[in-house]
Protein chains: 2
Amino acid sequence: MAGKRLEKMEENRAKLIAAARKAFAEKGFAHASMDELTADAGLTRGALYHNFGDKRGLLAAVVDQLDSEMAARAKEIGAERAGRDEGDMWQALLGEGAAYIEMALDPEIQRIVLLDGPAVLGDPSLWPSQNSCLAETRKGVSLMVENGIMKPVDIEAAARLLNGAALNAALWVAASDNPAEVLPKAVEAFALMAGGLRATA
Amino acid sequence: MAGKRLEKMEENRAKLIAAARKAFAEKGFAHASMDELTADAGLTRGALYHNFGDKRGLLAAVVDQLDSEMAARAKEIGAERAGRDEGDMWQALLGEGAAYIEMALDPEIQRIVLLDGPAVLGDPSLWPSQNSCLAETRKGVSLMVENGIMKPVDIEAAARLLNGAALNAALWVAASDNPAEVLPKAVEAFALMAGGLRATA
DNA sequence: TATGTAGCATACGGTGCGTATGTCAAGTTC
DNA sequence: GAACTTGACATACGCACCGTATGCTACATA
């Protein structure tokens, strides 16, 4: 029966993060009220400041969670696509890129991770989570450069550019009048641009 | 002597925008106080709300100004580089990209246009200014696709991806420990990726 | 010169963040 | 197992700041 405190605490943290995801996604970070948010979670601001320090701390926790989910999903999609071609690493990279573009259509990810996140927490490379998405892309790029599949480009630079292009494309798709029609164009253009990094066979 | 009113008004608008550029760049949009900002300009919040409607309106005006300056500068740099190769459009595009990356190292542009701008005003394609930078890139891409210099890719998609990659690379460079060392890597990677859009000769 | 208007200043209300203080249940020690 | 301690969370307070409503004055018009 020991650890009942910690258990409750984790439960409350999860409740607050869940409520924050909803509030931040719907109203944006700036217009989300901490009073409302915590009340929705059945708690008060006291719990919030005790667990996360301040409003930014809560955002950081939310971003961390979303980022992890995104990286996992991208990896999954990439592996799935590579699987069709028996471990084709290049296809995996394109798959991950396409996955990022599609995921960013989700208002939660768009609003919180792509818009408010950088504005409030600074560049993703400075985030506490160290950005799992970026790490995933970096790993792929690194392997491909080693294997000669990709030109000998700077790992970090390539990862950043690929991620930046994908996420920015997603913002464009989301802001367009007809996302469903525009999405494939974005994915195609991404594949072409990424191709610039591929070693010339 | 007629029009003394309008003259003063334009002068005050300019003063407010100038003060806002400074305040937003130094403290960020959220933490910039309108009272301080207007006092620095020798005015009060009354002038602000009369001229710009609200805080967002002021940011929109500032972003518009910065965006125009950026587009003009990028065009200039691009033309300069193209000139060396007698109107090489491809070199002009790479020059513009490099120019964006370098310009984004300026805290004013980084903080206001790249971070707070999208978070507060939404995606650049929704901005009142309609984003001059994007328009400039789009124009270049359009011409090159027509002339067969670039693959027949979707104009808008290519422009967005190029801009997104460049600006995101800039954020990475700026956040790094040693920007001077990292910048050329970013520029090189950008050139490679952009090359993926080039028609295969 | 008299009058209207518009640009800007002043005054007010409301909201929301962060902190300081209080409280009570869960864990600890003898 | 009873007194004590700890810490997770609630409550209460102060302060800053945005947006609006109202007031004032210089400029424009007739």
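All values below were derived from every heavy atom in this structure, side-chain atoms included, with hydrogens, water molecules and symmetry-related copies excluded. Residue numbers start from 1 in every chain, and the chains themselves are labelled A, B, ... in the order their sequence lines are given, proteins ahead of strands.
Computed from coordinates, the A:Asp35 CG to C:dG14 C1' distance equals 13 Å when rounded to whole Å. As a whole-Å value, the separation of A:Tyr49 OH from D:dC13 C1' is 14 Å. In this structure, CG of A:Asn51 is placed 14 Å from P of D:dG7, rounded to the nearest angstrom. Atom CZ of B:Phe52 and atom C1' of C:dG7 are 13 Å apart (whole Å). In this structure, the CG atom of B:Leu37 is 9 Å from the P atom of D:dC18, given to the nearest Å. Atom C1' of nucleotide D:dA16 and atom NZ of B:Lys27 are separated by 13 Å, given to the nearest angstrom. Rounded to a whole Å, the CE atom of B:Met9 is 11 Å from the P atom of C:dA6. Rounded to whole Å, atom C1' of D:dC9 lies 14 Å from atom CD of A:Glu11.
Contact check, B:Asn12 against C:dG7: no side-chain N or O comes under 4.0 Å of OP1 or OP2. Listed pair B:His50 / C:dC8 fails the phosphate criterion, with no side-chain N or O lying under 4.0 Å from OP1 or OP2.
Checking side-chain atoms of B:Trp127 against main-chain N and O of B:Gly122 turns up a donor-acceptor pair under 3.5 Å.
Crowding of A:Lys55 atom NZ: a count of heavy atoms from other residues, nucleotides or ligands under 6.0 Å exceeding 12.
Among the candidates B:Asp123, B:Asp154, B:Thr137, the single residue satisfying the side-chain hydrogen bond (donor to acceptor under 3.5 Å, both in side chains) test with B:Arg160 is B:Asp123.
Residue contacts for A:Ala39: at a heavy-atom cut-off of 4.0 Å it reaches no nucleic acid atom on any strand shown. Looking at heavy-atom distances under 4.0 Å, A:Thr44 makes contact with a base. Across all strands shown, A:Leu48 has no heavy atoms under 4.0 Å from either base or sugar-phosphate atoms.
If A:Leu6 and B:Asp54 are placed on DNA chain D by their nearest nucleotide, the residue sitting closer to the 5' end is A:Leu6. Across the interface with DNA chain C, nearest-nucleotide mapping of A:Gly46 and A:His31 shows A:His31 to be the residue nearer the 5′ end.
Residues B:Lys15 and B:Asp40 form no side-chain contact, since every pair of their non-hydrogen atoms from C-beta on lies 4.5 Å or further apart. Side-chain contact check for B:Lys151 versus B:Leu197: every heavy-atom pair is 4.5 Å or farther apart.
Listed nucleotides C:dG16, D:dA10, C:dG18 differ in distance to A:Ser33; the shortest reach to its side chain belongs to C:dG16.
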